[in-house]
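Worksheet for the structure shown next.
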Amino acid sequence: MTTGFAEPSGTSVALLLLGAGADPNAERGVSCPGELPAPSDPTLVERAWAAKRALGERLFVLGHHYQRDEVIQFADVTGDSFKLAREAAARPEAEYIVFCGVHFMAESADILTSDAQKVVLPDLAAGCSMADMAAIAQVEAAWDLLAELDLADSTVPVTYMNSSAAIKAFVGRNGGVVCTSSNAKQVLTWAFTRGQRVLFLPDQHLGRNTAVLQMGMSLDDCVLYEPHKPNGGLTPQQLREARMILWRGHCSVHGRFTRECVDEVRARVPGVNVLVHPECRHEVVTAADYVGSTEYIIRTINEAPAGSAWAVGTELNLVRRLANAHPDKTVMFLDRTVCYCSTMNRIDMPHLVWALEELVAGRVPNQIVVDPDVAAYARVALDRMLALPG
Ligand code: 13P
Ligand code: SF4
């Protein structure tokens, strides 16, 4: 198997797991103030282009690869979360950054841009179920437990980009760093120069897959911390001996792919190459031929020979776009059933047009503003990542 997810190349199920009262969308305020245009309005595309033209250089639109086609056409830059974080940081001249992606990405953009720049998320309900699986109070309780056991000083917290600004700030305050699926190996390598073990948040799969497939660790080096259980469901000895303490979080989109999906497609399509994202379960990743970040997946399909066949385990908008872009190759979705990221899909034409037209009218809708203290520490953790080679 080829693993590309650590190469320097360039997210409602969660509520069931969160327990009563913890509705992140409610906390974010999902209502969309003002009038949304009707989805059936035939002038939406024209209106979006007109608003974009009117805003000119003052506007910079970022689009994650999992966005709908109808939206992605308006992006000035498309990318995975790593590339988009870098792009946001590199545009000091843009007054408005409209983020076609999810909440944690827009928070990161706000953290990495100046106070004069305003980051807009066209629909505040565009969250990420994985990011919502690690609440700051739970993470602080886990850290307190490690401190009581005298383990905090030798543990480096690492959080996946898919986490709230509060988690990133926690990590920054405690000597840790952010990672993405593009650089998880480099980040873990850095972390193990500073401590004996890593507390990896919130995606257990990215943590486990990177540790085992790229860092030479064994599954026994990894323990699963379950935030709803006393002491995470772990004994002091398990915590002491672990090299990777994996938070029990996962992506509800990538978590759907199973080992059976891989076996089924191999039986159906002889010679097919199975290419998956490292947010997939370990047994899926180990059964695949290639594993890597969204950018890696795109690059791999771009470079594949004509006539080759690919079953891709990632979000459906991206897989469809790749299939359409490569009619000379067979590009199919790994699962038999469709699987969009429902929160990524919240950003649609009505919300985009509404957001852009509000900006043209001189109003800033759905601005994402991270508390300055939180932002300062989150920036420490993001800057540590951005300073790593790659
Ligand atoms: P990347 O953009 O880092 O590949 O992550 C995929 C994802 O699930 C984003 O929410
Ligand atoms: Fe979150 Fe998964 Fe959607 Fe990415 S694809 S935004 S990790 S739920």
Side-chain angles (χ1 to χ4, degrees), residues 3-18 24-25 62-68 72 75 77-88 99-109 121 123 125-134 159-164 167 178-187 201-207 209-210 247 249-257 275-281 285 291-300 312-319 322 333 335 338-347 382 385 390:
T3 62
F5 63 96
E7 286 178 10
S9 66
T11 29
S12 205
V13 174
L15 297 182
L16 297 173
L17 301 167
L18 284 164
N25 279 340
L62 293 169
H64 189 271
H65 289 308
Y66 299 170
Q67 290 288 297
R68 301 161 179 262
I72 207 95
V77 171
T78 60
D80 63 4
S81 47
F82 183 63
K83 183 175 166 193
L84 295 180
R86 284 199 143 159
E87 290 285 345
F99 213 119
C100 299
V102 291
H103 193 266
F104 71 80
M105 296 178 182
E107 281 188 326
S108 296
L121 183 64
D123 186 346
C128 164
S129 55
M130 177 203 284
D132 294 339
M133 287 177 197
T159 191
Y160 190 21
M161 183 68 104
N162 302 25
S163 56
S164 67
I167 302 290
V178 176
C179 79
T180 72
S181 53
S182 292
N183 62 14
K185 181 182 176 193
Q186 288 92 328
V187 168
L201 306 155
D203 184 14
Q204 57 168 302
H205 300 304
L206 179 64
N209 289 330
T210 308
W247 194 263
H250 68 276
C251 166
S252 46
V253 177
H254 292 93
R256 288 176 58 109
F257 300 112
L275 168 60
V276 302
H277 194 279
E279 288 174 16
C280 293
R281 301 162 197 231
V285 166
V291 54
S293 70
T294 311
E295 285 286 332
Y296 173 84
I297 290 172
I298 295 169
R299 197 169 65 242
T300 302
V312 186
T314 192
E315 206 272 345
L316 187 54
N317 281 308
L318 174 58
V319 180
L322 285 168
F333 193 55
D335 197 353
V338 297
C339 190
Y340 292 103
C341 173
S342 59
T343 49
M344 282 275 183
N345 264 5
R346 302 280 318 197
I347 313 293
L382 282 161
M385 173 186 81

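Note that ligands are numbered from 1 as they come in the structure, with each ligand's atoms numbered from 1 the same way.
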Checklist entry - Side chain or backbone of Glu315 under 4.0 Å from ligand 2, or both, or neither, by non-hydrogen atoms? => result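 Under 4.0 Å from ligand 2, Glu315 contributes no heavy atoms.
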Could you list the atoms of ligand 1 found under 4.0 angstrom from a heavy atom of [X]?
X: Asn162; result: 7 (C), 8 (O), 9 (C), 10 (O)
X: Tyr160; result: 3 (O), 5 (O)
X: Met105; result: 9 (C), 10 (O)
X: Thr294; result: 1 (P), 2 (O), 4 (O), 6 (C)
X: Asp80; result: 1 (P), 2 (O), 4 (O)

Checklist outcome for this item: Heavy-atom closest pair (Thr314 atom, Phe333 atom, distance to 0.1 Å) is O-CE1, 2.9 Å
Checklist entry - Which heavy atom of Gly127 sits nearest a heavy atom of Val102, and at what distance? => result O-CG1, 3.2 Å
Strictly under 4.0 Å, does any heavy atom of [X] approach an atom of ligand 1?
X: His277; value: yes
X: His64; value: yes
X: Tyr296; value: no
X: Ser181; value: yes

Next on the checklist: Does the plane of the ring in Tyr66 sit parallel, tilted or perpendicular to the ring in His254? Use 30° and 60° as the thresholds.
Outcome noted: tilted
Next on the checklist: Using a 4.0 Å cut-off to any heavy atom of Tyr66, which atoms of ligand 2 qualify?
Outcome noted: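 Counting from 1, the qualifying ligand atoms are 5 (S).
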Item to check | Contacting atoms of ligand 2, where contact means under 4.0 angstrom from a heavy atom of Cys341 | outcome: 3 (Fe), 5 (S), 6 (S), 8 (S)
Checklist entry - Do Thr180 and Asp80 have side-chain N/O donor and acceptor atoms under 3.5 Å apart? => result no
Next on the checklist: Using the side chain to side chain donor-acceptor pair (under 3.5 Å) criterion, which residues pair with Glu107? Sequence neighbours excluded.
Outcome noted: none
Would you call [X] and [Y] a side-chain contact if the rule is heavy atoms closer than 4.5 Å?
X: Asp335; Y: Arg256; value: yes
X: Arg68; Y: Ile347; value: no
X: Val291; Y: Tyr296; value: no

Checklist entry - Which of the listed options, Lys83, Met344, Glu279, Glu295, holds the heavy atom that is closest to atom 8 (O) of ligand 1? => result Glu279
Checklist entry - Within the distance-only criterion (no hydrogens, no angle test), does the side chain of Ser293 pair as donor or acceptor with the backbone N or O of Ser181 below 3.5 angstrom? => result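 Flag not set: sc Ser293 to bb Ser181 has no pair under 3.5 Å.
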Checklist entry - Quick check: does Ser81 get an N/O under 3.5 Å from an N/O on ligand 1? => result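 Yes, Ser81 has an N/O under 3.5 Å of an N/O on ligand 1.
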Checklist entry - Hey, is there an N, O or S on Cys251 sitting under 2.8 Å from atom 2 (Fe) of ligand 2? => result yes
Next on the checklist: Under 6.0 Å between ring centres: does that hold for Phe104 and Phe99?
Outcome noted: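 Ring centres of Phe99 and Phe104 not closer than 6.0 Å.
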Next on the checklist: Please confirm whether Glu279 approaches ligand 2 to less than 4.0 Å, judged on its heavy atoms.
Outcome noted: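 Yes, Glu279 has a heavy atom closer than 4.0 Å to ligand 2.
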